[in-house]
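Below you'll find the structure, written out as C-alpha cells, and then a few comments.
Quick note on labels: first sequence line is chain A, next is B, and so on, each numbered from 1. When reading the values below, keep in mind they use all heavy atoms of this one structure, side chains included, and skip hydrogens, waters and symmetry mates.
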Amino acid sequence: MPDPSAYTRRQFIHSGLAMVSTVASVPVFLSRSSDVMAQTSGPLPSNPGIPDDRILVVVQLSGGNDGLNTVIPFGLDNYYKNRPALALRQNDLIQLDTNTGIGLHPALRPIHEMIGDGLATVVQGVGYPNPIRSHFASMDVWHTGDTLSNKGHGWVGKAMDTTRSKNNDTSLACISLGPQAPLATQGKHIKPVTFDRPEMFRWAGRDLHPALGKTYDQLNTPPTHQNNNDPASFILRTALDAQVASDRVRRAVDQRPATSFPGNSLSRQLQMIAAMIRADLPTRVYYVAMGGFDTHANQAGQHARLLDEFATAMSAFYRELEATGHQQCVLTAAFSEFGRRVQQNASGGTDHGTAGPMFLFGPQVNPGLIGEHPSLTDLDDGDLRHHTDFRSVYASILDNWMKIDSTAALGKPFKHANVLRV
Amino acid sequence: MDTSLTPIPPREFAPAQARHLLLRAGFGGGPKEIARLAESGLDRAVRSMLDQPPAPSTDSAPPIDPDVIRPLTEKERSQFAKAKRNKDEASRSALRRLINERRSQDRRMLGDLRRWWVGLMIDTPIPLRENLVLLWHSHFASRHRNVRDTFLMYQQNQLFRQHADGSFAELARAVVRDPAMLKFLNNDQNNKRKPNENLAREFMELFTLGEGNYAEEDIKQGARALTGYHVEDNDFVFHERRHDRDKKTVLGKTARLDGDDFVDVLLDQPACPRYVALKLYRHFVADVSDQIDDVPSPNRSVIQRMASMLRKNGYQVAPVLQTLFKSKHFYDPKIVGQKIKSPAQLVAGTARTLGTPTRSLGTLSDALRAMGQDLFDPPSVAGWNGGRSWINTSTLFTRQNVCTYLVTGKDPRKKKWNRKQAGYDPMHLLADIDSREPKPVVDHLVDFMLGEHTPAPRREPLYKFMQDRSKGVTPDSMIALLTLVAAMPEYQLC
C-alpha cells in the first residue's frame with residue numbers, strides 16, 4: 001500500500017519543465033508583509049508571560065482509561081468483589097501505599113521507577129461534579145475546563161490567548177500531533193500547528209517549477225491587516241501559518257534522538273516532541289493523544305498493552321530530555337476523559353464511568369501518590385465520587401508552572417492541587 | 001441573506017447556479033455537464049440529480065468475501081479448548097496464526113473496499129447518492145477498527161446506499177439491526193442480566209435527538225429495550241432469551257418496548273426531525289454549528305422549515321432536498337462558495353470537474369486518511385465534524401498536494417516527474433472560449449474552478465504567471481495553472 005507520507009519529499013530530480021527546487025526556508029513574501037509578520041523572518045521571540053524555559057506537554061488517553069485497573073485499590077475489599085474476572089492479584093501489583101492498599105498495574109513499572117527518581121506523580125480520583133458519561137461531552141469538559149457549557153474554546157488556548165500581544169508572534173506557540181487540532185488547544189486567537197507526520201508538511205507543487213512557488217506564495221499571502229472571519233480568510237491564515245511552521249518543524253524532527261525510543265506510536269510522537277524541544281522552537285505547549293482505552297469487552301490484555309505503551313513512552317521521553325539537557329524545562333500531564341464503572345460488565349470489559357487518576361511527569365512534580373483513593377462503598381449510582389477537581393490540577397499547572405493566571409482559562413479561581421514543587 | 005425556500009425564478013438558473021448545484025448535490029462536474037444542466041432548466045436539473053435508479057447491481061461490487069471473518073467452527077473450538085487444556089503451545093499458536101492471517105486478509109479487503117468507493121465517487125452517474133452515503137456514514141458512524149469485519153462494513157455501506165434519499169425513519173430502523181453497528185456499539189453484548197448502554201446512548205445523543213433531549217434514565221431503559229439485538233456471523237439475530245421483556249419507560253412512553261419500538265419512540269420526538277434537518281443542512285448548505293442553539297437565527301429558521309417538511313413527509317429525504325436545491329436560500333451569495341469541501345468532495349470533485357485521470361485509487365484513499373477522512377474509520381461514533389475542522393496547517397498541505405497529484409500525475413512516492421507522465425490534456429477545459437490570451441484563459445478557469453464571484457485582485461498573480469510563460473497557453477502551462485488554482489484557499493470552498 002502506498003505510503004501517504006510520500007506526499008511531500010524535500011528533493012526531487014526533475015526533467016522536462018521541472019528543475020530542482022531551491023526555495024529559501026522562509027518565503028520572501030514574509031519579510032515584506034506587515035509588522036506582525038515581519039517577526040517571523042528573524043529569530044522568534046517567545047511569549048511574554050510564560051518563562052522561556054517552561055514547556056507543557058499534554059498526553060490525552062482517549063476512550064476512558066480504566067483508572068481502577070491502573071492505580072489499583074487492592075486494599076479495598078470491594079475491588080475484588082466488583083471485578084471478579086478483571087481484578088489484578090495483589091502479588092502482581094507494584095505496591096505504592098501499603099496502608100490503604102494502593103498499587104500500580106504491573107505494566108506501569110517504568111512509571112514506578114520514575115516516581116523513585118522524583119519524576120512522576122499520580123493524582124487519585126480526579127473528576128468533576130455531575131459527571132457526563134459520553135466520550136465526546138466529557139472530553140469537551142476536560143478540553144474547555146468548563147463543566148456547565150462544554151462549548152467555546154479550550155483551556156490551553158484560552159490561557160495562551162492571554163500571552164498574545166501585538167509584537168509577539170504566537171504562530172508556533174502550540175503544536176498538536178494528530179489528525180485534528182484538539183479543542184483544548186483552540187483559543188480565540190491561538191490556534192495550534194497540527195500535523196500527523198512532518199514529511200507531509202509542505203506544498204509539493206514547488207518542485208514542478210520555481211515559478212510556481214513564487215505565484216503560490218503570492219496567492220497564499222493575506223493582505224495586510226486582514227482580519228475577516230469568512231472561510232476564505234480563515235484558510236488563507238491557515239496557509240500562512242503552515243508555511244512558516246513547515247520548515248522549522250521539519251528541520252527540527254530531522255535530528256536523530258540522543259537515546260533510543262520504543263517502536264510504539266506514542267513513543268514516536270514523543271520522540272518528535274523531544275526533537276522540537278531540543279531545536280528550541282518557541283513552542284510552549286505540545287499536545288499528543290493515544291487512543292484505544294474504550295475497553296467495553298475483553299479488557300485485560302488490551303489494557304495491559306495500552307498501559308505498557310504509555311509507561312515505556314513516558315520513560316523514554318524523559319530519558320531523552322535528560323540526555324539533551326531539557327528535563328528541567330518540561331512538565332507533562334496525562335489525563336483521560338473519564339474512568340470506568342466500578343463493576344465489570346458481562347463482556348470481560350468495563351463501561352463508561354467517572355473519576356480516574358491523572359499522571360504528571362517532570363522534575364517539578366511532587367512525586368508519589370497524591371490525594372485519596374475514592375471510596376468503593378460510597379458510590380454515586382455505581383460510580384466513583386471524584387476527590388480532586390481536574391481544574392485544580394490545571395490551575396496549579398497554569399499558575400505555578402506556566403505563570404499564566406488560571407482564572408482566564410477556567411473562568412474562576414480554583415484551589416491548587418498540591419502536585420508541583422515549583 | 002434570503003432564507004426563502006421558494007424556488008428561484010427559472011431564468012436565474014444560469015451556468016453559475018448549475019455549477020453550484022453540481023458541487024453541492026454531487027461532487028462537481030466538467031464544463032459540458034454544467035452547460036447541459038444549465039440548458040435543461042432548474043426543474044429538470046434538480047430532478048436529474050435526484051433521479052436515482054435502483055442501487056447498482058452486484059456487478060460493480062468490490063471483491064469482498066463474506067467469510068474471511070467468521071465464527072470458529074465446532075471443530076476449531078474443540079481443538080482450541082483441547083490445546084489449552086493440554087498446554088499444547090504448538091497447536092495453540094497454529095490456531096492463533098490462522099486467526100491472525102484472517103485478520104490480515106480482512107485488512108487487505110478493507111483496502112479494496114476503500115479504493116472501490118473512491119472510484120465509485122469519481123465515476124458514478126448518480127453523485128448525489130454517493131454524497132448521501134457519505135452523510136449517513138458520518139451520521140451513523142461505525143469504525144472498522146472496532147468492528148474488524150470488512151464484509152459488515154460493506155454491508156452497512158450498501159444499506160446507506162439503499163436508503164440514501166429514502167426515508168430516514170426506515171434507515172434508522174434498519175441501523176438498529178445492522179450487524180456492523182451492533183458490533184461497533186457493543187450491543188451484541190447487551191443482555192437482560194447486564195445491559196450495555198452504548199447503543200442506546202448513541203442512538204439518542206448522536207443518531208436522533210442530540211444532547212439535552214433525554215435523561216440518563218432514558219438511556220438505561222432504552223438499553224433494556226435493545227437487549228438481545230445481537231449478531232450471528234454476518235446477520236442480525238434476535239435472542240429472545242437475552243431480551244428484557246418487562247415494561248420500560250423511555251421519554252414518557254411505557255410499554256414492553258423492544259429495540260424497534262425504542263427507535264419509533266425516538267422518531268416521534270419533536271427533537272428528531274430538527275436534529276436530522278440540521279445534519280442535512282450542514283451537509284448540503286452551510287458550515288453552521290452542530291448545536292442547534294448556536295446556529296444563527298436566519299439559518300435556524302431554514303432548518304426548522306426543513307424539519308417540519310421531514311415530519312410531514314414521514315422523514316422522506318428526497319422532497320426536502322428537492323425544495324432545498326431549488327430554493328432562493330440555496331443560491332444566496334452568502335451560501336455560494338462559502339462551504340469547506342470535505343476531503344472526499346475535494347478528491348472526487350477535482351477528478352470529476354477537471355476530468356483528470358483517476359490515477360491510483362490507493363493513493364487517493366490514503367490521501368483521504370491523511371486529510372482526516374479515513375473511509376470506514378471515522379474518528380468516533382460522532383462521525384466527522386466537517387466545516388473548519390477539516391482545515392489545519394497539515395491537512396491544508398495534503399489537500400493542495402493531492403490536487404497536484406491528480407493534475408500532474410507526479411507519483412508522490414517517486415522523486416522523478418516527467419510532464420509526459422501527466423497523461424492529461426487540460427485543453428478540453430477551454431473548448432468554450434476561442435481566445436488563447438492569458439487573461440481570458442485565466443478568467444475562464446477561475447470562473448469554472450473557483451466561481452464567478454472570485455474578486456479581481458485574487459486573479460492578478462495568475463494573470464502575471466500566464467503572461468510570463470514564453471510559449472503562451474500550452475498544455476504544460478495549463479497544467480501549471482490548474483495546479484496553482486487548486487492550491488488557492490478558495491479552491492477548498494464550494
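Put simply, the side chain of A/Leu219 reaches to within 4.5 Å of the side chain of B/Leu462, judged on heavy atoms. Side-chain contact between B/Thr483 and A/Trp203: present, with at least one pair of heavy atoms (C-beta onward) separated by less than 4.5 Å. Using a 4.5 Å heavy-atom cutoff, the side chains of B/Asn198 and A/His296 are in contact. Within the 4.5 Å cutoff, no side-chain heavy atoms of A/Asn345 are placed close to those of B/Gln189. No side-chain heavy atom of B/Leu484 sits under 4.5 Å from any side-chain heavy atom of A/Gln218. By the 4.5 Å heavy-atom criterion applied to side chains, B/Phe465 and A/Leu212 are counted as neighbours. The shortest side-chain heavy-atom distance between B/Gln492 and A/Phe234 does not fall under the 4.5 Å cut-off. Put simply, the side chain of A/Asn220 reaches to within 4.5 Å of the side chain of B/Gln400, judged on heavy atoms.
Comment: A/Lys214 does not engage B/Asp468 in a salt bridge, judged by the lack of any side-chain N to carboxylate O separation of less than 4.0 angstrom. B/Glu205 and A/Arg133 are not joined by a salt bridge, as no carboxylate oxygen comes within less than 4.0 angstrom of a charged side-chain nitrogen.
Summarising the geometry, atom CG belonging to A/Asp230 is positioned 6.5 Å from atom CD belonging to B/Gln338; distances are rounded to the nearest 0.5 Å. A distance of 4.5 Å separates CD1 of A/Ile235 from CD1 of B/Ile391, quoted to the nearest 0.5 Å.
When heavy atoms are compared at a cutoff of 4.5 Å, A/Asp351 approaches chain B solely by way of its side chain, counted from C-beta outward. Within the 4.5 angstrom heavy-atom criterion, no atom of A/Ala245 approaches chain B.
Heavy-atom minimum distance, B/Pro489 versus A/Ala232: CB-O, 4.0 Å. Summarising the geometry of B/Arg388 relative to A/Pro231, their closest heavy-atom pair is NH2-N, 3.6 Å, with the distance given to 0.1 Å. Contact record, B/Asn401 with A/Ala204: OD1-N, 2.7 Å, taken as the closest heavy-atom pair.
The residue among B/Arg193, B/Glu460, B/Glu197 with the most heavy atom pairs within less than 4.5 Å of chain A is B/Glu197. Per-residue heavy-atom pair counts under 4.5 Å with chain A were compared for B/Ala382, B/Gly387, B/Ser365, and the maximum is reached by B/Ala382. Put simply, of B/Asn190, B/Asn196, B/Asn385, B/Asn191, the one with the most heavy-atom pairs under 4.5 Å next to chain A is B/Asn196.
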